[in-house]
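A quick write-up on the structure given underneath.
Per chain, numbering begins at 1; letters A, B, ... match sequence-line order. Only heavy atoms go into these numbers, but all of them, side chains included; no hydrogens, no water, no symmetry mates.
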Amino acid sequence: EAGVTQFPSHSVIEKGQTVTLRCDPISGHDNLYWYRRVMGKEIKFLLHFVKESKQDESGMPNNRFLAERTGGTYSTLKVQPAELEDSGVYFCASSQEGRGRRDSPLHFGNGTRLTVT
Amino acid sequence: AQSVTQPDIHITVSEGASLELRCNYSYGATPYLFWYVQSPGQGLQLLLKYFSGDTLVQGIKGFEAEFKRSQSSFNLRKPSVHWSDAAEYFCAVGGRITGGGNKLTFGTGTQLKVEL
């Protein structure tokens with residue numbers, strides 16, 4: 001079974017530019033999460049999709065961040081325009097959790113390292 | 001609000017020595033607790049989790065952790081460390097999972113270095 005795939009693995013952009021990160025979850029996983037780790041700090045929750053619906057987007061920093069999951073398969077996270085403080089590693093994770101499956105663990109991708117200069 | 005504290009940013013141990021990584025949490029009820037490991041260039045891998053029941057939890061790669069409610073701790077242990085255990089370790093706490101919810105609060109991580 002293929003794992004969670006993220007690309008690009010690295011992205012270097014200038015302040016003010018736009019970047020789109022992509023995540024392909026494990027096939028059949030309805031739940032998809034985005035997390036972010038800013039250098040030296042903890043990994044923080046950004047948002048949670050159940051299929052194509054946003055279940056919880058309380059962790060999104062501001063309206064420069066837009067996440068989508070059209071068709072309930074892969075997801076994209078767009079940052080527009082990027083700022084210096086957006087630099088960090090963006091992780092995507094998926095799981096099969098749901099009613100009666102509360103112990104379904106998160107499977108993480110390798111992350112996208114974003115550097116805004 | 002829930003929070004997780006990992007007081008040790010870096011730890012160095014000799015191969016074959018025992019290991020204990022500390023984790024303290026703050027949560028208003030019985031939490032769900034997790035330990036993840038991240039090797040260089042890799043994603044986070046789940047080592048073990050505690051939901052309920054036996055407070056001593058066994059995980060993969062020979063790791064175990066003990067939930068101590070009175071101390072709000074969930075320390076990770078391994079009796080004999082291998083060089084391949086060098087990685088960054090994250091403790092995390094989650095709330096009740098109702099119909100879907102792996103919304104985790106992570107600690108800042110502990111970087112483990114293993115000396116040969």
Side-chain angles (χ1 to χ4, degrees), chain A residues 2-7 9-10 23-26 29-51 53-60 72 88-113, chain B residues 1-10 23-26 30-54 57-60 63 65 87-111:
Chain A
V4 176
T5 305
Q6 293 186 246
F7 41 93
S9 56
H10 294 83
C23 170
D24 286 74
I26 292 173
H29 282 193
D30 289 340
N31 291 268
L32 187 149
Y33 295 78
W34 284 97
Y35 283 84
R36 175 175 76 167
R37 188 184 193 195
V38 173
M39 189 179 343
K41 304 226 172 151
E42 68 271 26
I43 301 167
K44 285 194 171 181
F45 167 84
L46 295 178
L47 86 159
H48 169 209
F49 283 99
V50 177
K51 297 185 180 178
S53 299
K54 290 176 186 174
Q55 186 79 6
D56 182 347
E57 53 184 329
S58 61
M60 295 287 265
V89 180
Y90 290 76
F91 291 102
C92 175
S94 70
S95 71
Q96 280 186 309
E97 73 215 67
R99 291 191 186 280
R101 300 183 65 92
R102 69 170 190 172
D103 59 347
S104 177
L106 278 179
H107 298 261
F108 280 84
N110 290 352
T112 294
R113 181 174 296 278
Chain B
Q2 58 202 47
S3 66
V4 177
T5 301
Q6 292 181 250
D8 303 307
I9 298 173
H10 298 278
C23 172
N24 291 92
Y25 67 88
S26 173
T30 300
Y32 297 134
L33 295 160
F34 307 81
W35 275 99
Y36 284 87
V37 60
Q38 184 183 20
S39 298
Q42 303 295 312
L44 283 82
Q45 181 183 22
L46 180 66
L47 283 176
L48 47 79
K49 60 185 184 290
Y50 171 79
F51 283 168
S52 64
D54 193 347
V57 180
Q58 301 298 319
I60 62 171
F63 285 91
E88 191 161 19
Y89 292 78
F90 296 92
C91 182
V93 62
R96 300 205 64 80
I97 299 175
T98 55
N102 258 307
K103 181 180 180 181
L104 304 180
T105 298
F106 284 86
T108 50
T110 297
Q111 188 72 49

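The residue among A:G111, A:C92, A:G40, A:G109 with the most heavy atom pairs within less than 4.5 Å of chain B is A:G109.
Contacts of A:S58 with chain B are made by side-chain atoms alone, with heavy-atom separations under 4.5 Å and no backbone atom involved. Only the side chain of A:R37 has a heavy atom closer than 4.5 Å to any heavy atom of chain B. In this structure, the portion of B:E88 lying under 4.5 Å from any heavy atom of chain A is its side chain and not its backbone. No part of B:Q45 comes within reach of chain A, as not one of its non-hydrogen atoms sits under 4.5 angstrom from that chain.
The shortest side-chain heavy-atom distance between B:L47 and B:Y89 falls under the 4.5 Å cut-off. Two residues are said to be in side-chain contact when any heavy atoms from C-beta on lie closer than 4.5 Å; B:Q2 and B:V4 fail this criterion. Using a 4.5 Å heavy-atom cutoff, the side chains of B:F106 and B:L44 are in contact.
What you find for A:G3 and A:I26 is that their closest heavy atoms are C-CG1, 3.8 Å.
Within the 3.5 Å criterion, the main-chain N or O of A:V50 finds no donor-acceptor partner in the side chain of A:N31.
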